[in-house]
Structures are given as structure tokens and as C-alpha cells.
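Side chains are part of it too, since the values below use all heavy atoms of this structure and drop only hydrogens, waters and symmetry mates. Numbering starts at 1 and runs along the sequence shown. Order of appearance sets the numbers: ligands from 1, and atoms from 1 within every ligand.
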Amino acid sequence: MIKRITGRKILLCISGGIAAYKIPSLVRLIKQAECETEIILTKSAQNFVAPMTLETLSGRKVRTDSDFDGSIPHIKLAHWADVLIVAPCTANTLAKIANGIADNLLTSTVIASSCPVVIFPAMNSQMYDSPAVQSNIKTLIERGIKVVQPSEGNLACGDSGKGRMPEPHEIMHEIFRALCVHDMNGKNVLVTAGPTHEYIDPVRYISNPSTGKMGAAMARSAWYRGADVKIIAGPVELDGYALDVIHVKSADDMLQAVKSNLSWADYVVKAAAVGDYRAKNISQRKIKREGTDTLTLELVQNPDIAAEVGRLKREGQILIGFAAETDNIAEHARAKISRKNLDYVLANDVSTENTGFAYDTNTLRLIPRDPLKHEEIFTGLKDDISFDIWSRLIAD
Ligand SMILES: Cc1cc2nc3c(=O)[nH]c(=O)nc-3n(C[C@H](O)[C@H](O)[C@H](O)COP(=O)(O)O)c2cc1C
């Protein structure tokens with residue numbers, strides 16, 4: 001969870017859809033992010049989530065139509081908010097917002113607001129696909145309002161299809177994005193992340209402890225800042241919400257995927273821990289232990305993806321490599337820059353505590369190729385330092 005939005009003011013508007021049951025979890029995440037929150041419930045929403053639940057979790061009185069009085073709460077709340085979220089947004093509330101109808105506290109506040117508005121329609125898939133709903137969504141998008149497409153899956157009504165509200169942590173991603181300055185708009189970012197699996201037989205492989213967290217954090221931060229992001233990920237669980245995730249297994253697969261997407265990218269971030277070696281011969285059958293006390297594997301070098309990208313790199317593309325080292329960090333990192341034609345290396349000492357593989361925190365030393373550019377140390381949560389690294393890369 002990035003700390004950057006601490007203290008920001010989130011106005012959460014809840015209308016009467018079944019997905020409102022997810023909102024208490026969202027309120028908890030907003031509190032964990034140390035943001036302020038005000039909540040508006042429509043009359044119908046109170047059938048799905050109790051005001052007392054939300055008041056307990058948010059620590060604030062929830063606003064309903066009974067507060068819609070001479071104190072002009074809709075104007076005050078609209079001025080107060082840094083971002084306004086409508087989640088879930090019913091077909092009914094969507095229609096009202098699209099048509100400028102302001103007959104309750106929620107819709108009046110939306111129409112009075114000038115901050116970014118993010119709408120999460122959630123409903124039965126037939127309702128969602130209806131011409132009326134689609135036309136209202138189109139109207140809102142044309143007005144510059146962000147309408148987040150519902151996801152597909154099993155719906156509460158028993159149907160299956162498009163209409164599910166994103167999960168609370170996914171809504172948080174949209175909130176972060178709405179609150180960020182989109183200074184990477186129009187930029188294409190290609191990130192590699194995670195380990196590779198180099199199989200020796202059908203059930204065993206050589207790998208490393210990379211979790212893909214650093215690559216995922218770099219990808220997510222760029223997306224928050226408005227970039228289009230593709231992430232080529234080794235076999236690891238990643239939160240790929242709204243990112244274009246390309247799954248690969250081996251170093252060879254990763255190289256092919258990188259090459260296919262290279263011309264698209266303005267920035268290439270090589271955060272994957274690619275295996276340096278693979279088995280010379282992959283056994284087609286499971287290797288049996290019976291009858292052999294020792295096993296000798298013959299390994300051959302994998303292709304060097306960073307070097308290949310460095311060779312193919314076009315004018316204007318920025319290539320950022322990572323160097324996980326245990327000794328002579330800066331020396332090894334600089335050698336890597338010239339050997340692989342990188343623009344930057346982010347070097348870390350994986351022999352120290354709380355840094356590198358699997359940790360949520362990291363300490364990275366940014367070493368630029370250009371000697372006129374300064375080196376910089378980034379330390380902290382991977383989510384946070386990724387954001388700072390992008391600030392630096394954009395400024396350079
Ligand atoms: C059990 C139940 C579940 C409902 N779920 C949804 C829903 O998921 N999405 C939706 O658009 N409407 C749903 N509705 C219909 C809305 O509650 C209804 O249109 C209501 O007028 C919305 O009011 P509001 O937009 O002011 O909150 C549901 C109704 C019921 C009775």
C-alpha cells in the first residue's frame with residue numbers, strides 16, 4: 001500500500017446494488033492508507049449495507065438523504081473531496097448522473113463536484129449490456145468521467161457474465177490512479193518480473209526466490225501515473241489488475257515475449273530474475289532416484305535478455321536493468337551498464353537484511369550510464385520507492 005496518498009480526501013458514494021456488501025472492506029483499506037473519507041448512502045443502498053457498519057469503520061457519520069437539508073451538504077462535500085467514487089453505481093444512479101438528475105444527496109453531490117469522479121457500474125449482465133446503460137456510460141466517458149468496466153464472473157443473481165464490481169483492493173488502485181498526476185500519459189512501459197523456471201524433467205525445474213514484487217511495483221506505479229503498462233511475468237502470482245500481463249515460464253519464453261513487445265515500449269524495466277542457465281537436455285520422463293546415488297546435470301547458458309534488448313534498442317528507448325549483487329555492488333553494476341548497453345542500473349545488495357528477493361522493502365542504488373547524471377539511493381517500501389524512481393527517470 002503506497003503511503004503517497006496519506007491525508008487525501010475520498011468521498012465514497014454508495015448506491016443500492018448488491019455489490020455494496022464489499023464496501024466495508026474498501027473503507028478499511030482507505031483507513032489503512034490513512035486517507036480521510038466521507039460516505040454518502042442512497043436510500044436504497046441502506047438495504048444492502050448498514051450505516052452503522054460504515055460509521056464504525058470510517059469513524060465518521062454517514063450521510064443519507066435525511067441530511068439533505070438547509071446546510072447544503074452536497075456543496076460542502078463536493079468542495080471537500082479530492083476524488084469522488086460511486087461504488088457500486090446502479091443502473092438507476094448511472095442514468096441520473098448521465099442525465100443531470102439531482103434528486104438525492106448522492107446525485108446532487110456528483111453534479112456539484114469538480115474533482116475527479118470514478119464510477120463503478122455493477123449490475124446483472126443483461127442490465128449492463130442494455131442500450132440504455134451503454135448509452136449512459138458513453139455519455140459519461142465523453143464528459144471525461146472515468147467509468148471502470150465491471151469484471152466478468154458469477155453474479156449475485158445467479159447469472160454469469162459482465163457486471164461484477166472490482167474487488168476492494170482493485171478499487172484502491174483506481175483511487176490511487178485518480179489521485180496521481182498523470183505525468184506518464186502516452187508513455188508505454190514494458191516491465192519484466194519474477195523468476196523463470198528452467199525445467200530439467202516434466203515435474204522439476206531450476207529457479208530462484210524472486211516473487212516479482214519489485215517489477216510489479218514498478219509496473220503499478222507507472223500505471224498510477226497514466227502510462228500504458230505491459231508486464232511480462234515469470235511463474236508467480238501477481239496482482240495484474242488493469243495491467244496487460246503476459247505469462248511466461250522459461251528465459252527463452254521471456255526473451256521471445258520481450259522481443260515481440262520491444263518496439264512498442266518507451267521504457268523497458270528488466271526486473272525479472274532470469275535464470276542464467278538451463279538444462280542442456282530436458283528429460284522427457286520424470287528422473288527416477290532409484291539406482292542412482294548422484295545426479296549430474298549439464299547446464300548451458302540462457303540467452304542474456306538485457307543484452308539482447310540493449311542490442312536491439314531503438315533511439316529514444318530507455319532501458320533500465322536491475323543488478324542483485326552480494327559484493328562490489330557499484331563496480332558490477334557499472335560493468336553491466338556497458339556490457340548490456342543499459343541506460344540505468346538499479347543495484348541492490350541482496351546480502352543485507354530486508355532487501356531484495358521476497359521482501360516488501362528494498363534499498364536500490366540508481367546508477368546512470370551518463371556520468372553527468374547523479375547516482376541516487378532509494379530505500380523503503382517497494383511500492384513507494386518505485387514511485388520515486390519514476391519521478392527521477394522522468395525528470396532526467
Ligand atoms: C436484491 C436487489 C439487488 C439489486 N442489485 C442491483 C444491482 O446490483 N445493480 C443495480 O443496478 N440495481 C440493483 N438493484 C436495483 C436497485 O436497487 C434499484 O434500481 C434502486 O432503485 C436503486 O436506487 P439507487 O440508485 O438510488 O441506489 C437491486 C434490487 C434488489 C431488490
Is any NZ, NE, NH1 or NH2 atom of the basic residue among Lys162 and Asp129 found under 4.0 Å from an Asp or Glu carboxylate oxygen of the other? no
[X] contact mode with ligand 1 (heavy-atom cut-off under 4.0 Å):
X	result
Thr42	side chain
Met127	side chain
Ala122	backbone

Nearest-contact summary for [atom] - protein heavy atom, Å:
atom	result
atom 2 (C) of ligand 1	Phe48 CZ, 3.6 Å
atom 21 (O) of ligand 1	Asn92 ND2, 3.9 Å
atom 20 (C) of ligand 1	Ser44 OG, 3.7 Å
atom 5 (N) of ligand 1	Ile18 N, 3.5 Å
atom 11 (O) of ligand 1	Ala91 N, 2.8 Å
atom 6 (C) of ligand 1	Gly17 CA, 3.6 Å

For [X], does the [atom1] atom sit with more than 12 other heavy atoms under 6.0 Å from it, leaving out its own atoms?
X	atom1	answer
Arg339	CZ	yes
Arg285	CZ	no
Lys373	NZ	yes
Glu331	CD	no

Looking only at N/O atoms, are [X] and ligand 1 under 3.5 Å apart anywhere?
X	answer
Gly16	yes
Met123	no
Lys96	no
Asn104	no

Show which atoms of ligand 1 fall inside a sub-4.0 Å distance from at least one heavy-atom site of Ser15. 25 (O), 27 (O)
Please determine which of Lys9, Lys61, Arg63 meets the salt bridge (charged side-chain N to carboxylate O under 4.0 Å, His left out) test together with Glu38. Arg63
Using the ring of each side chain (for Trp, its six-membered ring), is His74 parallel, tilted or perpendicular to Phe68, with breaks at 30° and 60°? perpendicular
Once you measure the plane-to-plane angle for His197 and Tyr199, does it fall in the parallel (<30°), tilted (30-60°) or perpendicular (>60°) bin? perpendicular
Heavy atoms, side chains only, cut-off 4.5 Å: are Phe48 and Ile14 in contact? no
Going by a strict under-4.0 Å cutoff (protein heavy atoms only), does atom 18 (C) of ligand 1 have a neighbour on the protein? no
Just to confirm, does any protein heavy atom lie below 4.0 Å from atom 31 (C) of ligand 1? no
Worked verdict on Arg225 versus Asp183 for salt bridge (charged side-chain N to carboxylate O under 4.0 Å, His left out): CA-CA 6 Å; Arg225 302 175 84 130; Asp183 49 7; 2.8 Å; yes
